[in-house]
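Chain letters run A, B, ... following the sequence lines, proteins first, then strands; residues in each count from 1.
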Amino acid sequence: MTADPEQEPYVALRTKALESLLIEKGLLTEEAKDRQVSAYEMDIGPLAGAKVVAKAWTDAEFRGRLLSDAGAAIAEMGLATGTSLVVVENTPDVHNMVVCTLCSCYPWMVLGLPPTWYKSFAYRSRAVIEPRSVLSEFGLELPEDVTVHVWDSSAEQRYMVLPQRPSGTEAMSEDELASLVSRDAMIGVAAVEEPAT
Amino acid sequence: MTADPEQEPYVALRTKALESLLIEKGLLTEEAKDRQVSAYEMDIGPLAGAKVVAKAWTDAEFRGRLLSDAGAAIAEMGLATGTSLVVVENTPDVHNMVVCTLCSCYPWMVLGLPPTWYKSFAYRSRAVIEPRSVLSEFGLELPEDVTVHVWDSSAEQRYMVLPQRPSGTEAMSEDELASLVSRDAMIGVAAVEEPAT
Amino acid sequence: MNGVHDMGGMHGFGPIVIDEDEHLFHAPWEARVRSMVMLSIAQGRFNADASRYGIEQMPPAVQLNAPYFERWLASLEFNHVREGNVSEVELEDRIDVLRENPSFTVEPKAPLRPSNPPRTGNLDGLVGLSANPRFAVGDAVIAKNINPLGHTRLPRYARGKRGTITRVHGIFAFADTNAHGLGLQPQTVYNVAFAGRELWGDSAEMNQVVSLDLWESHLEPPPAE
Amino acid sequence: MNGVHDMGGMHGFGPIVIDEDEHLFHAPWEARVRSMVMLSIAQGRFNADASRYGIEQMPPAVQLNAPYFERWLASLEFNHVREGNVSEVELEDRIDVLRENPSFTVEPKAPLRPSNPPRTGNLDGLVGLSANPRFAVGDAVIAKNINPLGHTRLPRYARGKRGTITRVHGIFAFADTNAHGLGLQPQTVYNVAFAGRELWGDSAEMNQVVSLDLWESHLEPPPAE
């Protein structure tokens, strides 16, 4: 019955010990814990954000509402944004990108859980001092006259980038457009590519 | 012949490997290396600084020369200061203390090798932002109206503190006075105590 | 606090490593830690600001070596100990018990013990719209040079720097006090845009702007000219 | 570089630990590392500024976890590799050899190979007295807001801050360039005193002054008022 203690990493033991104490003391239930895991892991993903982007590309009035009050605009679509969401729009003159230098705040209500690189010390430290250098590591080279606007998520606002709609997509449906929009484009470290013809 | 590899810490192996390569390539000799170790380890200690302090306490003209050009004044005593030494004087109004926040620069030519705490991250980080708090951990509580002047050794200058001469030492010889002066007092984290009578 | 977590503008952390095949969680304990943190905050055991502070107070060398969810775990332990829910001795003892007997289980209790008082979180955030904000869009402001020992959301790289108000977000609880049980101190949060050259001098890249969301307590008008 | 070595004003490193019974060296390899560094600098293999930079370029988490002389060792390896005196592969191979055969020895060569060109050190420092310093004792100056990727002796906590010239030290080689083989750029070094409140705002302790020794390139006159 006794497992090899070498098999259990110390962090896993610490986790179990705390869990065990919180349950014993009436501060946690097993079921609530499991429900929480599945909700975050499974239910939210960047597709929510991609649908918002596609709608903004095809509906100018929605885009206007989205940029002035993202929470209300997204609620129209039946999606909930738990906290203050702000959508910032890329233009030919301004490229936006999102970071959280102090921890790893992320617009999970539209993009799901953050990728590991977003939480990395390299991204957190560099995005605000050398954003172009960071973008070029993602393969995105911007002209010098394009302003790079970095949004450091230091309060309760969470930022999502509305990328530029690529040309050659005029005939596409909202669903087709949504399929073009990557998570990275909505963080602001990628552009949405023109679809291959 | 083969030692247990577990016995040799990796840093010691790295040290030997580099040494071995530098000797093989004609960049280092065994003898020079050993000479250097003994010189630093054995020859210099805070007594040199203490003698300088005692002389400054008993010879006002020397003190003046010491404060305006420490290197020249100390050379009079037959001691060499390899680089630019600056001596700063404690008064009833100003208490001086020395740190190097960027590395661990230290007035080794008068005080020998630095104590471990001087090189610690705690001392390096805190001395410039909360010097009074640091001093109180050393047992030195200064009145609020005394200015604490911290010297962060960021260039080639090395700083030594000339502590205040305690009362009750009027009859002491220079040698007796020197024996009262601690290394910590010359770094500026201690006062020179009145001798017990 | 001026901690290593405040890493905006730091050098030396290397290139961005992008792992396309990554998993959200690398081991089951990571997902469980995340759940416990989210549940603890939802239940008012501690708030999101205290959760961040719990990471910040890790010793710097430990913090920089701990993977992401290990930092969350350290904060979770810190905050439940800080709130008196568990003690460090209990944690150590339970680790020993589980190491000896991995199948050790405890009886859940129902109903759960309420948090008393509940620690209001910033995640529930928006207290209301700002009645009388001190600054308006377009105003020049200076981010104060503060260096508190406790939690703050004003990063070092912006302190003392001049920016422009670009958005007035409304009123929120003040993270800097709320992390320490020192009150919600609700106040206006603003988005402040700083020019790259203001932040980084000649080292700034071309045409760079960095925006931060700062509380009114973080800001002051520039000196009269 | 804005590295973790630049720790003036950081929080979180804990109390000062004073060990009265300490030894200068905790193991023989520490003394040997120190000797190799001092000899390498004396021989012009690299200079003291490059030696400091060698520590700064260690990855932050490694740097903060490495004891003092391990940081020196890392810098020693870095600089001998940087100067082409040894390669990383040679180092790894020699470690393997010594692990297998601890009594492995090599034949010393005489005379020693000269350093070509010798890397002039700041330890020999004083180039001469200043002919025409830009600033005089009593002048107000601003420490520039620089954020170079390379070595600098202007710490982050003083950048952008206003101080007063208190001493004119004379002309020295410029560490910021000299660490990178970019020339001695001899120039005046000044002692600049900063008020605690200028550096730390309201968080400053009572009656606090911090002095730094800064090169003329680090300083500029305050803006006209």
Side-chain angles (χ1 to χ4, degrees), chain B residues 1-3 5 8 11-30 32-33 36-37 40-41 82-84 101-103 113 115-117 119-126 128-132 134 137 144-157, chain D residues 5-10 13-19 22 24 27 29 31-36 38-39 45 52 55 68 70 73 76-77 80 85-86 90-91 94-95 98-99 102-103 106 108-109 112-113 122-123 125-126 153 155 157 169 172 189 200 205-214:
Chain B
M1 287 299 286
T2 305
E8 186 89 291
V11 279
L13 262 178
R14 279 165 61 192
T15 303
K16 280 191 183 168
L18 183 58
E19 224 170 44
S20 160
L21 283 164
L22 294 180
I23 289 170
E24 179 178 290
K25 288 165 181 282
L27 297 164
L28 185 72
T29 60
E30 277 290 339
K33 192 192 68 195
Q36 192 80 5
V37 172
Y40 281 100
E41 200 166 359
T83 175
S84 261
T101 62
L102 293 171
C103 42
L113 291 180
T116 299
W117 62 257
K119 303 181 282 186
S120 71
F121 298 152
Y123 186 74
R124 287 172 52 190
S125 61
R126 294 175 57 200
V128 290
I129 191 170
E130 44 175 3
R132 283 175 199 275
V134 168
E137 286 177 33
E144 283 205 339
D145 62 350
V146 171
T147 295
V148 178
H149 194 150
V150 182
W151 302 80
D152 187 355
S153 316
S154 49
E156 293 310 305
Q157 285 62 45
Chain D
H5 72 282
D6 182 359
M7 56 183 64
M10 295 289 282
F13 286 104
I16 316 289
V17 177
I18 304 160
D19 177 3
E22 68 189 356
L24 293 178
W29 70 267
R32 294 167 87 91
V33 163
R34 187 175 199 284
S35 293
M36 276 196 280
M38 302 310 282
L39 280 168
R45 308 290 180 201
R52 294 192 183 99
I55 293 174
Y68 184 70
E70 193 169 327
L73 173 59
L76 188 65
E77 292 168 337
H80 277 295
N85 295 331
V86 298
E90 284 177 316
L91 282 168
R94 188 57 53 93
I95 286 168
L98 286 164
R99 187 183 275 128
S103 59
V106 294
K109 283 194 182 152
L112 285 184
R113 216 167 80 193
N122 256 352
L123 284 182
L126 199 61
R153 296 298 286 181
Y157 74 82
H169 288 307
F172 290 80
V189 171
W200 314 114
E205 292 180 344
M206 291 283 291
N207 292 316
Q208 190 198 341
V209 176
V210 179
S211 270
L212 281 162
D213 291 320
L214 299 173

message: Is any side-chain heavy atom of B:Glu19 closer than 4.5 Å to one of D:Leu98?
response: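 Contact flag for D:Leu98/B:Glu19 side chains = no.
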message: If I measure from the heavy atoms of chain B, does D:Val210 come under 4.5 Å with its side chain, its backbone, both, or neither?
response: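 For D:Val210, heavy atoms of backbone and side chain both lie under 4.5 Å from chain B.
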message: Is D:Ile55 in contact with chain B via its backbone, its side chain, both, or neither, using a 4.5 Å heavy-atom distance?
response: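 No part of D:Ile55 comes within 4.5 Å of chain B.
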message: B:Trp117: which residues meet the ring-ring contact (aromatic ring centres under 6.0 Å, His included) condition with it, sequence neighbours left out?
response: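 Residues passing ring-ring contact (aromatic ring centres under 6.0 Å, His included) with B:Trp117: B:Tyr123, B:Phe138.
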Residue D:Arg153 versus chain B: region with a heavy atom under 4.5 Å: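 When you check distances to chain B, atoms from both the backbone and side chain of D:Arg153 fall under 4.5 Å.
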- prompt: Between D:Leu76, D:Ile18, D:Val33, which residue shows the highest count of heavy-atom pairs closer than 4.5 Å to chain B?
  reply: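 The answer is D:Ile18.
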query: Looking at B:Asp152, B:Leu27, B:Val148, B:Thr101, which has the largest count of heavy-atom pairs under 4.5 Å with chain D?
result: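 So the answer, after comparing B:Asp152, B:Leu27, B:Val148, B:Thr101, is B:Leu27.
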N/O donor-acceptor pair under 3.5 Å between B:Arg132 side chain and D:Met206 backbone: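 Present.
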field: Side-chain touch B:Gln157/D:Val189, heavy atoms, less than 4.5 angstrom
entry: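 Answer yes - side chains close enough.
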D:His5: ring-ring contact (aromatic ring centres under 6.0 Å, His included) partners, not counting sequence neighbours: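 ring-ring contact (aromatic ring centres under 6.0 Å, His included) check on D:His5 returns nothing, list empty.
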Heavy-atom pairs under 4.5 Å with chain D, option from B:Leu102, B:Leu22, B:Thr147 with the top count: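 Sorted descending by pairs with chain D, the first entry is B:Leu102.
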- prompt: Is a side-chain donor-acceptor pair under 3.5 Å present for B:Thr15 with D:Arg32?
  reply: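 D:Arg32 vs B:Thr15: no donor-acceptor pair found between side chains.
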query: Do you know which of D:Asp6, D:Leu214, D:Leu91 has the most heavy-atom pairs under 4.5 Å to chain B?
result: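 Of D:Asp6, D:Leu214, D:Leu91, D:Leu91 has the most heavy-atom pairs under 4.5 Å with chain B.
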task: For chain D, find which of B:Ala155, B:Ser153, B:Ser120 contributes the most heavy-atom pairs closer than 4.5 angstrom.
output: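 Winner by heavy-atom pair count: B:Ala155.
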